[in-house]
2 protein chains.
Amino acid sequence: MAVTLADVARRSGTSTAVVSYVMNNGPRPVAPATRERVLAAAAELGYRPNRIARALRAGTTGVVGLVLADASNPYFAALARSVERALERRDTLMMTGNAGYLPGRQQHMVERFLAAQVDGLIVVSADGGADVAAQAVAAGVPSAYVHHRPVPGQAPLVSADNDVAVRAAVEHLRGHGHRRIAFLSGPHDAGPVAERRDAWQRAASSSGPEPLLLRCDYSREAAARLTAELIAGGTMPRALIAATDEQAIGVLAAASAAGLPIPGRLALMSCDGTPDSAYTAPALSVMEQPLDAMAEQAVALLLDRAPASASLPAAHLVARRSCGCDA
Amino acid sequence: MAVTLADVARRSGTSTAVVSYVMNNGPRPVAPATRERVLAAAAELGYRPNRIARALRAGTTGVVGLVLADASNPYFAALARSVERALERRDTLMMTGNAGYLPGRQQHMVERFLAAQVDGLIVVSADGGADVAAQAVAAGVPSAYVHHRPVPGQAPLVSADNDVAVRAAVEHLRGHGHRRIAFLSGPHDAGPVAERRDAWQRAASSSGPEPLLLRCDYSREAAARLTAELIAGGTMPRALIAATDEQAIGVLAAASAAGLPIPGRLALMSCDGTPDSAYTAPALSVMEQPLDAMAEQAVALLLDRAPASASLPAAHLVARRSCGCDA
DNA sequence: CTGAAAGCGCTTACAG
DNA sequence: CTGAAAGCGCTTACAG
């Protein structure tokens with residue numbers, strides 16, 4: 001059916017070894033004249049190398065698996081795009097799997113990726129679940145967590161420092177005259193969200209009244225519902241830092257529906273800084289995570305066996321309109 | 001290194017054939033006692049089947065490739081999630097590639113997927129470029145376009161009827177009292193966007209003054225820039241249908257920045273109906289594409305060799321706030 | 001510089 | 001119901 005190396009060898013009057021050397025530019029030299037004949041034969045026959053056969057023999061597939069906690073979340077989606085770009089620079093393909101915040105599904109995706117013999121595994125996990133990246137490492141597959149790592153977790157983690165940026169966000173809102181700055185966290189804190197909440201707690205409590213801690217699921221819907229309740233109950237704070245862009249977008253939607261002016265009545269900031277955050281209404285002021293750098297470091301960790309350097313830039317503040325700037 | 005079928009066979013005192021029959025539940029029967037021994041050995045050794053070896057021998061990888069014109073566009077992103085769900089029901093993995101609206105990159109991704117021996121290929125393309133799905137079919141790989149097909153294009157296309165829905169959108173805006181209804185199209189029309197524009201043109205011209213046709217790239221940024229210019233120039237229409245959610249989100253952002261009230265000064269609708277459109281500020285009134293049905297049909301086409309049925313539901317109108325409803 | 005051959009880990013006729 | 005063996009399409013020692 002399909003054209004094979006053996007076909008090309010036959011047509012060019014050489015051996016499969018030589019054809020392989022030509023197709024891969026090595027590892028052995030080939031005489032120029034022979035090379036020409038092989039190339040001509042391959043072109044005539046329309047030869048396309050079978051990567052599966054290569055993978056079985058060479059023990060490397062050129063594919064990396066990416067498991068995402070939630071592909072609908074703009075932060076995870078943007079991270080996936082960054083990872084894809086980093087992989088492409090190394091001529092590596094990406095398989096994706098969406099865990100939907102379900103530990104069982106996450107485990108299942110990892111099993112399937114391991115069976116597919118991926119050359120590496122990147123896990124962008126949510127709270128809970130097993131230490132799947134460590135399982136993969138135990139199976140001989142280089143693996144890393146990005147953004148979040150379960151506790152306890154043995155595999156390396158690539159994550160930016162949230163502390164500095166959240167403190168800057170609190171200071172920024174103070175600069176707009178706010179004394180009470182609330183925080184919208186996840187259903188239970190872990191990983192980066194816990195870091196952000198801690199940083200906020202320390203910064204916001206340092207002076208003035210006890211700050212308000214809000215919680216909801218990581219979804220637009222949940223954040224919108226919570227926001228609608230706060231507005232209806234008259235308990236909406238005047239300044240709020242949302243743990244994620246996803247939640248901030250939900251807040252924006254509900255505030256718009258209820259006619260609550262932002263930033264007039266509510267100054268809002270959030271902590272992912274996805275590309276989406278620049279085109280909300282109003283535009284979100286954010287602490288922007290260095291997604292490309294995180295993806296590059298994770299991929300280098302897996303594919304180049306680079307050590308996890310500490311050189312990741314910290315998330316930094318991007319002031320737009322929702323905090324009260326440019327108002 | 002890794003545990004193989006042969007290891008399990010040795011441990012259980014059987015042959016690789018029997019182990020294979022047990023692992024795959026067929027195609028030959030195995031005596032219950034033998035099966036137990038095999039299963040026990042596999043569990044003890046922590047055997048994990050090598051899908052690459054299986055793929056080489058069986059000629060099927062259990063992987064489908066998805067090429068996306070633009071992974072940042074919420075419509076394409078939502079479609080990718082639908083495709084992944086449809087594939088998961090068939091226990092099939094997905095590889096993704098992002099063409100970034102570049103025909104050369106699209107071609108490159110397809111080559112790589114073919115080399116990786118995907119069992120099928122789904123192309124969500126943009127204007128221009130080669131008939132890559134037809135190339136894949138010629139190479140023996142079942143392929144289909146979803147949403148858009150290049151001209152001329154030989155491979156099957158899965159796409160919902162846009163005509164009815166756009167007409168309904170025009171009627172809906174008329175019901176809000178609008179006579180002049182503008183349309184924001186792509187840089188040059190083709191495929192579904194051309195269908196939408198045609199439907200608008202016919203419906204909007206049927207009575208009253210000549211309608212306004214606007215154009216910009218499929219990006220939030222381009223739509224925001226255009227919107228800012230229209231507002232500054234005092235030429236912003238009072239009713240507008242955007243070809244895509246992506247563009248509508250850009251319009252919303254620029255309108256918010258300029259203080260142009262929506263729907264008060266501008267009634268806006270758009271034509272994708274992604275999940276994102278429900279959480280913009282204000283919420284977008286849309287014609288919602290049947291993404292899950294489209295994905296399911298495309299996957300059935302490839303994997304079940306099902307004929308492209310005409311039973312796809314048409315995009316339907318979801319009225320939210322941006323058109324003037326609930327105002 | 002080139003060729004004949006082994007072997008990656010499976011599945012599947014073929015024989016018993 | 002079970003086993004010995006061929007073969008999927010490559011890469012890579014090994015010999016020449």
Side-chain angles (χ1 to χ4, degrees), chain A residues 1-39 41-42 45-63 112 114-119 139-141, chain B residues 1-39 41-42 45-63 112 114-119 139-141:
Chain A
M1 188 67 239
V3 180
T4 70
L5 251 199
D7 295 327
V8 177
R10 208 170 305 126
R11 172 83 156 220
S12 59
T14 60
S15 68
T16 59
V18 168
V19 177
S20 174
Y21 299 152
V22 171
M23 299 318 286
N24 299 313
N25 285 317
R28 298 257 168 278
V30 174
T34 314
R35 163 181 299 272
E36 287 312 315
R37 266 189 302 139
V38 168
L39 257 17
L45 297 172
Y47 172 65
R48 194 193 320 273
N50 182 329
R51 304 273 310 181
I52 293 295
R54 176 182 220 291
L56 179 58
R57 174 60 221 233
T60 165
T61 51
V63 177
R112 303 210 51 201
L114 292 181
Q117 309 296 119
V118 293
D119 289 343
V141 177
Chain B
M1 189 66 239
V3 180
T4 69
L5 252 198
D7 295 328
V8 178
R10 208 171 303 126
R11 173 82 157 223
S12 59
T14 60
S15 67
T16 59
V18 167
V19 177
S20 173
Y21 299 153
V22 171
M23 299 318 287
N24 299 312
N25 284 316
R28 298 258 168 277
V30 174
T34 314
R35 161 181 302 272
E36 286 313 313
R37 265 188 302 137
V38 168
L39 256 17
L45 296 173
Y47 172 66
R48 192 190 322 269
N50 182 329
R51 302 274 309 181
I52 293 294
R54 176 183 220 290
L56 179 59
R57 173 61 222 230
T60 165
T61 51
V63 177
R112 304 209 52 201
L114 291 181
Q117 309 296 118
V118 293
D119 289 342
V141 178

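By convention in this document, chain letters (A, B, ...) are assigned in the order of the sequence lines, proteins followed by strands, and residues within each chain are numbered from 1. Because only heavy atoms are used, hydrogens play no part in the values below, and waters and symmetry mates are left out as well, while side chains stay in. Since we're looking at a predicted model, the values are computed, not measured.
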Touch check for [X], heavy atoms < 4.0 angstrom, all strands: base, sugar-phosphate only, or nothing?
| X | answer |
| --- | --- |
| B/Ala17 | base |
| B/Thr16 | base |
| A/Ser20 | base |

If you look at every heavy atom in A/Leu39 and A/Val22, which pair is closest and at what distance?
->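 Shortest heavy-atom separation between A/Leu39 and A/Val22 comes out as CD1-CG1, 3.4 Å.
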
Can you tell me how far C1' in C/dG16 sits from the matching atom in C/dT12, rounded to whole Å?
->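 My reading of the C1' atoms in C/dG16 and C/dT12 gives 16 Å.
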
Report yes if at least one side-chain N or O of [X] is closer than 4.0 Å to OP1 or OP2 of [N]; otherwise report no.
| X | N | value |
| --- | --- | --- |
| A/Arg57 | C/dG7 | no |
| A/Ser15 | C/dG3 | yes |
| B/Tyr21 | C/dC10 | no |

Rounded to the nearest angstrom, tell me the gap between atom [atom1] in [X] and atom [atom2] in [N].
| X | N | atom1 | atom2 | value |
| --- | --- | --- | --- | --- |
| A/Arg28 | C/dC1 | CZ | C1' | 11 Å |
| A/Ile52 | C/dC8 | CD1 | C1' | 13 Å |
| B/Met23 | C/dT11 | CE | P | 9 Å |
| B/Leu56 | D/dT11 | CG | P | 12 Å |
| B/Asn24 | C/dA13 | CG | P | 13 Å |
| A/Asn50 | C/dC8 | CG | P | 18 Å |
| A/Arg51 | D/dC8 | CZ | C1' | 17 Å |
| B/Glu36 | D/dC1 | CD | C1' | 16 Å |

Nearest nucleotide by nearest heavy atom, which residue falls closer to the 5' end of DNA chain D, B/Ala58 or B/Pro32?
->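 Closest to the 5' end, via its nearest nucleotide, is B/Pro32.
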
A/Pro27 or A/Ala53, whichever maps to the more 5' nucleotide of DNA chain D |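 Closest to the 5' end, via its nearest nucleotide, is A/Ala53.
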
Distance (rounded to the nearest 0.5 Å) between B/Arg54 CZ and B/Leu5 CG |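 The CG atom of B/Leu5 is 10.5 Å from CZ of B/Arg54, to the nearest 0.5 Å.
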
Between [X] and [Y], is there a donor-acceptor pair closer than 3.5 Å when you use the side chain of the first and the backbone of the second?
| X | Y | result |
| --- | --- | --- |
| A/Asp119 | A/Thr61 | yes |
| B/Arg37 | B/Ser12 | yes |
| A/Asp7 | A/Thr4 | yes |

Can you tell me the Watson-Crick or wobble partner of C/dG16, both distances under 3.5 angstrom?
->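 Because both required distances fall under 3.5 Å, C/dG16 counts as paired with D/dC1.
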
Choosing from C/dT2, C/dG9, D/dT11, which nucleotide comes nearest the side chain of A/Val18?
->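 Looking only at side-chain atoms, A/Val18 lies closest to C/dT2.
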
